[in-house]
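When reading the values below, keep in mind they use all heavy atoms of this one structure, side chains included, and skip hydrogens, waters and symmetry mates.
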Amino acid sequence: MAQQQAIHRFVLGSKEFEGKTAEFLYDKGYYSITDIIGEERNEIYRSRNAQEAYMKWNVYIGRKKERLSPEERRKNESAARKQETSEKRDGTDKRDGTDKRENGGRRKRREFHRQ
């Protein structure tokens, strides 16, 4: 009795757009995104991480916008904080060079009147 070969390749998704076909595949532990133009197949993305691959697939076919990784998000937030603190210290807006402080930096005192 001959031993049968197990099928390891599964097409998880397929979409046609811009004159080409994109496929989302699982093959022997790897998830991949492949472009098919005529007979030519170009692998765009390959990963063992299913969740990451599914997110990339959704971005690629235009279903969702790309999210930043936690490391990239932290870098962007820290750069924005540095920009804000330098503006606060300086009192000028770096984008247009105008003075953001009212009355030349002097604060108004609030006067409370009894009624």
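- At a threshold of 4.5 Å between side-chain heavy atoms, the hydrophobic network of Ile, Leu, Val, Met, Phe, Trp and Tyr places Tyr31 and Tyr60 in one connected group.
- Here the straight-line distance linking atom OG1 of Thr21 with atom CZ of Arg41 works out to 9.5 Å at 0.5 Å rounding.
- Considering CD1 of Ile36 and CD of Glu43, their distance stands at 11.5 Å, rounded to 0.5 Å.
- The aromatic rings of Phe24 and Trp57 sit parallel to each other, their planes meeting at less than 30°, with 60° as the upper class boundary.
- Here the shortest heavy-atom pairing between Ala53 and Tyr45 reads CA-CE2, 3.6 Å.
- A continuous path of Ile, Leu, Val, Met, Phe, Trp and Tyr side chains, each step under 4.5 Å between heavy atoms, connects Ile61 with Tyr54, placing both in one hydrophobic cluster.
- Surrounding CD of Gln51 are at most 12 heavy atoms belonging to other residues, nucleotides or ligands under 6.0 Å away.
- Atom NZ of Lys20 has more than 12 heavy atoms from other residues, nucleotides or ligands within 6.0 Å.
- If you take CD on Glu16 and CD on Glu23, they are separated by 10.0 Å, rounding to the nearest 0.5 Å.
- The OH atom of Tyr26 sits 8.0 Å away from the CZ atom of Arg48 when rounded to the nearest 0.5 Å.
- Taken from CD1 in Ile33 to CD1 in Ile44, the straight-line distance is 7.0 Å, to the nearest 0.5 Å.
- The hydrophobic cluster containing Leu12 does not contain Tyr30, counting ILVMFWY residues as joined when their side-chain heavy atoms lie under 4.5 angstrom apart, directly or transitively.
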